[in-house]
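Some notes on the structure that comes next.
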2 protein chains.
Amino acid sequence: MTGRSTGLTISDVAKAAGVARSSVSRAFTRPDMLSPETVQRIMDAAKRLGYVPNHTARALSTGRHGNVALIVPDVANPFFPPLIRAAQREAERRDFCVFLGNTDEDPKQESKLLGRFAGQVEGVVLVSSRLSDAQIRSHVSQRPLVLINRDVEGIPRVLIDSGSGVSEAVAHLAELGHKKIVYVSGPVTSWSNKQRKAAVQAVAARLGLTVETVAASVASYDAGRNAVGRILATRATAAVAFDDLTAQGVLAGLADRGVAVPADFSVVGCDDVLGAATYPPLTTVSNRSEEAGTVALSLLMDMLKSRVVQDARHVLETHLVVRNTTVGYKAAHGKAEPG
Amino acid sequence: MTGRSTGLTISDVAKAAGVARSSVSRAFTRPDMLSPETVQRIMDAAKRLGYVPNHTARALSTGRHGNVALIVPDVANPFFPPLIRAAQREAERRDFCVFLGNTDEDPKQESKLLGRFAGQVEGVVLVSSRLSDAQIRSHVSQRPLVLINRDVEGIPRVLIDSGSGVSEAVAHLAELGHKKIVYVSGPVTSWSNKQRKAAVQAVAARLGLTVETVAASVASYDAGRNAVGRILATRATAAVAFDDLTAQGVLAGLADRGVAVPADFSVVGCDDVLGAATYPPLTTVSNRSEEAGTVALSLLMDMLKSRVVQDARHVLETHLVVRNTTVGYKAAHGKAEPG
DNA sequence: ACTTGTCACGCAACCGGTTGCACGTCAAGC
DNA sequence: GCTTGACGTGCAACCGGTTGCGTGACAAGT
């Protein structure tokens, strides 16, 4: 009637096995408390009847549901799925189920979801949260929570340091002989964008490169494509783009103008989101989003176990992945930087 | 202690409002049964205390959890995220939460997840299930279930008919003057692959095109790239690939050999997974996966409401999206098909 | 033989809601 | 004035497990 999978309860099993309900319960949760024969008898009966413990009832009395929530800004952004999958895997390894929430980049929606999940999850991991620090803190007081790509003091968090990879990218370009490069920036409000831009400028300064910034404002193919005019106007010989999508746009714009990559111009992306699956394969910065997912989940699980919030701050460094859109400027041209 | 958001229960509210627990319960679930003033008083007390109903307890007594599960083969496959997001949105619109399951294309894993979710969801949508018909049927007997891209008689299902779009693609190529094309096939076990291949052959026959099949075996960039030698050997002038990833590989392989696209060769993908975000933008077939997600969810919700399984079979037709990897063969060459 | 301790198990309360039924009140109908 | 019915509310059982505590059986210790 109710669509329940089976109407079977511990009582049925208890009757069949000739024991009390509590013994059935213990057979499943703490078999060591029972004699081996009793456990065996109960298990046999359970299997014979096709009994399966009711998750909800168990959750009600224990307060443990075995669920966690994962909340992301946008499932369809290719950056997140690998992270989701990794988190999922880790959760399942520990016999947890995961609720997935999609906020559409909207803080209100994020709060709403948090509320809806509350009471059926034991913990939450918030990815690239758009909430204010204060809001995040207020949620933390209610239930275990870990952050990904959001740096709030006192709250367990795992951060993907794209700065390290971007730095390598700039060093790579310098080593190849480029003297002037441009950073194609992303959304100004983005934590990642700030991080990446700063890294580019720091390393460029250290290695004596000139760097100009061209704003793509939003992170998209079109934004990258539209920025090409301004990029070329700088007379730079290489560009580091905020992300792969932007980089791909830049490649398109370059192609439109007949600029060959990497022969005439080098491009590096960030996040390794398209993998090698475009042509030419993009030199980019690894994202380690999978590890972020795994680590965040383990962190959360540890908290659930120990019941203590640790001020963990797990930083994942990224690295340059050299493919085919970068090449030595001198090697390609056999001469020095144009005047 | 237990990390519950609040220790508040209906009893607290009842006491504060000076009514019985049952009245508090009714104030939230069937306010029409109470006098307006009582409802008001209870609500005030609840708000003042910060009471929020316990989802788990409610689920235990009603059998309704307000959760559904969405199980996909691989979150990271770009085909699924838009579908997931759409389903999510639809679920939320109806105040449902969604569990996400990832099977890694493994039927065993799929069964396991189905089991783990059982008892905490009211219904399931299974996307591109790898289970056998019999297994699927056995699950259906246990709880409401709807299928996406899996055609099992008697079970509500929504099917994305990529055949229609592929047919358009072939017609498009014919119209452009191509006489001989190749179909770069995907996994032989794939329902979609069968569908697409059949469509290509049917339309080609009708329009008098010659079509050869080149197997890429798995759907991937590399597979596509490796197939190019064989594709070119057929002396065809255009290719329809199983999916966008494969198509992208084909483009890469073509570029490796100096074959210009679309000037010398036309390529069309399928699934519109990379959007326009590559260069040159790929002519492909739309996927309508978002609608599939939305429709599947509504179907499920209807079943939950009416408690009756309808043998719905919802087919979504796809269409050709013309971008820049196809062009008239004659237009490009100004002559007839080469000998 | 009698205390003491251990072990296996049952009893019953509890988790936090929902819901069938009974009860009391009050207005309308005769 | 008494029945009738509608209405608002409370009582208590129930959803399906978990768990603190008590009890009886049996072995070991003196």
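Just so it is clear, the structure is predicted and the values come from calculations on it, not from any experiment. Residue numbers start from 1 in every chain, and the chains themselves are labelled A, B, ... in the order their sequence lines are given, proteins ahead of strands.
For B:Q109, the side-chain contact (heavy atoms from CB on, under 4.5 Å) test picks out A:E92, B:T103, B:D106, B:K112, B:L113, with sequence neighbours left out. For A:F99, the ring pair (Phe, Tyr, Trp, His ring centres under 6.0 Å) criterion is met by A:F117, B:F99, not counting sequence neighbours. Scored by the side-chain contact (heavy atoms from CB on, under 4.5 Å) test, B:Q135 finds B:S111, B:L131, B:S132 as partners (sequence neighbours excluded). Take A:K15 and apply the side-chain contact (heavy atoms from CB on, under 4.5 Å) test, not counting sequence neighbours, and it matches no residue. Every residue meeting the side-chain contact (heavy atoms from CB on, under 4.5 Å) condition with A:E291, not counting sequence neighbours, appears here in chain and number order: A:R288, A:L316. For A:R130, the salt bridge (charged side-chain N to carboxylate O under 4.0 Å, His left out) partners two or more places apart in sequence, or in a different chain, are A:E105.
For the pair A:S61 and C:dC15, the criterion of a side-chain N or O lying under 4.0 Å from OP1 or OP2 is not met.
Applying the ring-ring contact (aromatic ring centres under 6.0 Å, His included) rule to pairs touching residues 17-38 of chain B yields B:F28-B:Y51, sequence neighbours excluded. Pairs of residues two or more places apart, or lying in two chains, that qualify as salt bridge (charged side-chain N to carboxylate O under 4.0 Å, His left out) and include a residue from residues 54-76 of chain B are A:R85-B:D74. Note on residues 134-159 of chain A: no pairs pass ring-ring contact (aromatic ring centres under 6.0 Å, His included), not counting sequence neighbours.
When rounded to the nearest whole Å, the span between CG of A:L60 and P of C:dA13 equals 17 Å. Protein atom NE2 of B:H55 is 12 Å distant from nucleotide atom C1' of C:dG17, rounded to whole Å. Between the P atom of C:dG17 and the CG atom of B:L8 lies a distance of 9 Å, rounded to the nearest Å. The distance between atom NZ of B:K15 and atom P of C:dG17, rounded to the nearest whole Å, is 13 Å. Separating the CZ atom of A:R30 from the P atom of D:dC21 is a distance of 13 Å, rounded to the nearest angstrom. Atom-to-atom, CZ of B:F28 to P of C:dT19 comes out at 15 Å; the value is rounded to the nearest Å. Taking atom CD1 on B:I10 and atom P on C:dG17, their separation rounds to 5 Å, with Å as the unit. Following rounding to the nearest Å, A:N54 (CG) and C:dC15 (C1') show an atom-to-atom distance of 13 Å.
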Distances for protein N or O near nucleotides 25-28 of chain C N or O, under 3.5 Å:
none

Considering only nitrogen or oxygen atoms on both sides, find all protein atoms under 3.5 Å from nucleotides 7-10 of chain C and state each distance.
unit_1 : atom_1 : unit_2 : atom_2 : d
C:dC9  : OP1    : A:S35  : OG     : 3.2
C:dC9  : OP1    : A:T38  : OG1    : 2.1
C:dC9  : OP2    : A:S35  : N      : 2.7
C:dC9  : OP2    : A:S35  : OG     : 3.4
C:dC9  : OP2    : A:T38  : OG1    : 3.1
C:dG10 : OP1    : A:A20  : N      : 3.4
C:dG10 : OP2    : A:A20  : N      : 2.9
C:dG10 : OP2    : A:S23  : OG     : 2.5
C:dG10 : N7     : A:R26  : NH2    : 3.2
C:dG10 : O6     : A:R26  : NH2    : 2.7

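Comparing the local axis fitted to the first five base pairs of the helix from C:dA1-D:dT30 to C:dC30-D:dG1 with the one fitted to its last five gives a bend of 50°, rounded to 10°.
Among the heavy atoms of the strands, none lies under 4.0 Å from B:T56. Residue contacts shown for B:S11 are absent, as no nucleic acid heavy atom lies under 4.0 Å away.
Using a 3.5 Å distance cut-off with no hydrogens or angles, the side chains of B:T56 and A:Q120 do not pair a donor with an acceptor.
In this structure, B:E90 pairs ionically with B:R94, as a charged nitrogen and a carboxylate oxygen lie closer than 4.0 Å.
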